[in-house]
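Letters go in sequence order (proteins before strands), and every chain restarts at 1.
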Amino acid sequence: MKVLIFGAARDIVGKQELDFPLPSDPSVKSFRENICSQFPELKKLNALAFAVNEEYANDEDVLKNQDVVAIIPPVSGG
Amino acid sequence: MKVLIFGAARDIVGKQELDFPLPSDPSVKSFRENICSQFPELKKLNALAFAVNEEYANDEDVLKNQDVVAIIPPVSGG
Amino acid sequence: MKKNIHLSTKPLEIQTCRDFASGNSNGAECIFIGTVRNATQGNAVHQLHFECYESMAIKEMEKIADQALIKFEILTITIHHRVGTLAIGEIPVIIAVGAAHRSAAFDACQFAIDTLKETVPIWKKEFFEDGEVWVSAHP
Amino acid sequence: MKKNIHLSTKPLEIQTCRDFASGNSNGAECIFIGTVRNATQGNAVHQLHFECYESMAIKEMEKIADQALIKFEILTITIHHRVGTLAIGEIPVIIAVGAAHRSAAFDACQFAIDTLKETVPIWKKEFFEDGEVWVSAHP
């Protein structure tokens, strides 16, 4: 899976983009747990949302290999 | 008293300005009654407010000869 | 300058209002712009004419600005009103509010236009193809 | 044109937003302008940097405009957001709403900026004399 990383999360991961293996349980929740265990600083953010193919995703949504996942720290536009 | 007349009221009275005698009871209420009996069409307006020396007046306010009274039909600015 | 009040026979300018409303402590500006609509209750409006009781209108606009500065956490307020004859699309009124935070800017701007329409001695006559009418004057 | 959405690295222009928002059926326009404040919680801000997830940010801004057009009796809505580095006083966001009546214009404009700040994937970093911070990222 292609993973895009923005803002404070990008500073933690150190990269704007990652190739990440599809979790054996391919839910967003499982992806969240995997990425947070690899980069524990992500847990210190106020909140962490995920988008799949440019739409906000729920924990129970199922990921596929060709999905583009985005890690979305608290937004602060405007 | 100098009386200024605006908007729909001016169209009824036919003048922008009148000299009007101080009523024997010099209240705004009494002035209202006098001016409305002289120009009965004023009673057909949605509302009629009065200002004395550029401030909105109440019925019980007392008029003096040197006051400038304004007849204020419903405002519609903006 | 905290407030700026203006009655004008010339076209109103948004940038002029913003220049008064903006400042480096502002994070938010809310601007209300009234425009002359091409119809009222289905009747085509050709033009509008605004007349005012100038000295009192300015006093009442000043009162609105003062009240807004007390009631809401805002930094600046500008109220400009046009008088005379206006064509469709022209601007009778601009209210610009500057504040540190947006909700105060919205609330003060809405308070100012709502109050202006209730208290400021300005009268609008609408011209239709077949006549003219003082707005809100008659039931 | 009912809605106009724009993400730009160049300075935003109020007149451009008004040009989209205005029309002869409008009687009211409400414009919200965000500006870069010179301080946050007492700390002097030198500049801001906005980054965005561009394709998704545009989708989310489109959604806000569509929702506003459904929820409120408005005729037009324009949402322009700036990205990149901004100095004090510069404009990160302009939202302009045109409507026949003012309360819908105010409500839709406030809805749009409130929702934008909750949903649109744009991130703001504040630069102080002694450091920088992603706004709202950490408790």
Side-chain angles (χ1 to χ4, degrees), chain C residues 12-19 21-42 44-46 48 75-76 86-114 116-117 124 126 135, chain D residues 12-19 21-42 44-46 48 75-76 86-114 116-117 124 126 135:
Chain C
L12 305 184
E13 286 174 2
I14 294 155
Q15 192 52 48
T16 307
C17 294
R18 265 209 80 213
D19 289 344
S22 57
N24 287 340
S25 301
N26 288 346
E29 295 168 37
C30 181
I31 303 177
F32 175 79
I33 302 169
T35 48
V36 177
R37 292 169 66 199
N38 57 7
T40 299
Q41 291 161 350
V45 174
H46 289 232
L48 288 187
L75 298 164
T76 61
L86 278 74
I88 306 301
E90 284 200 282
I91 298 175
V93 64
I94 301 176
I95 298 176
V97 175
H101 302 289
R102 70 187 182 280
S103 72
F106 277 108
D107 291 347
C109 194
Q110 195 154 12
F111 163 80
I113 182 62
D114 288 351
L116 181 148
K117 284 174 175 274
K124 171 164 56 185
E126 289 178 335
V135 174
Chain D
L12 304 184
E13 287 175 2
I14 293 155
Q15 192 52 47
T16 307
C17 294
R18 265 208 81 210
D19 289 343
S22 57
N24 288 341
S25 302
N26 288 347
E29 294 168 38
C30 181
I31 303 178
F32 175 79
I33 302 170
T35 48
V36 177
R37 293 170 65 199
N38 56 7
T40 299
Q41 291 161 350
V45 174
H46 289 231
L48 287 188
L75 298 163
T76 60
L86 278 73
I88 306 302
E90 285 200 282
I91 298 175
V93 65
I94 301 177
I95 298 177
V97 174
H101 301 288
R102 70 186 182 281
S103 71
F106 276 109
D107 291 347
C109 194
Q110 196 154 12
F111 163 81
I113 182 63
D114 288 351
L116 182 147
K117 284 175 174 274
K124 171 164 56 187
E126 289 179 334
V135 175

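From His101(D), atom NE2 reaches atom CZ of Arg37(C) across 4.5 Å, with rounding to the nearest 0.5 Å. The CD1 atom of Ile31(C) sits 10.5 Å away from atom SG of Cys17(D), with the distance rounded to the nearest 0.5 Å. Atom CZ of Arg102(C) sits about 5.0 Å away from atom NZ of Lys117(D), to the nearest 0.5 Å.
Neither the backbone nor the side chain of Ala105(C) comes within less than 4.5 Å of any heavy atom in chain D. Of the atoms belonging to Ala28(D), heavy atoms from both backbone and side chain fall under 4.5 Å from chain C. At a 4.5 Å heavy-atom cutoff, Ile95(D) makes no contact with chain C through either its backbone or its side chain.
A 4.5 Å side-chain heavy-atom check between Arg18(D) and Thr35(C) finds at least one atom pair inside the cut-off.
Interface summary for chain C: among Ala100(D), Pro92(D), Ser103(D), the most heavy-atom pairs under 4.5 angstrom belong to Ala100(D). Each of Val93(C), Asp114(C), Ile94(C) has some count of heavy-atom pairs under 4.5 Å with chain D, and the biggest count is that of Asp114(C).
Ring pair Phe32(C)/Phe106(D) is parallel by interplanar angle, where below 30° counts as parallel and above 60° as perpendicular.
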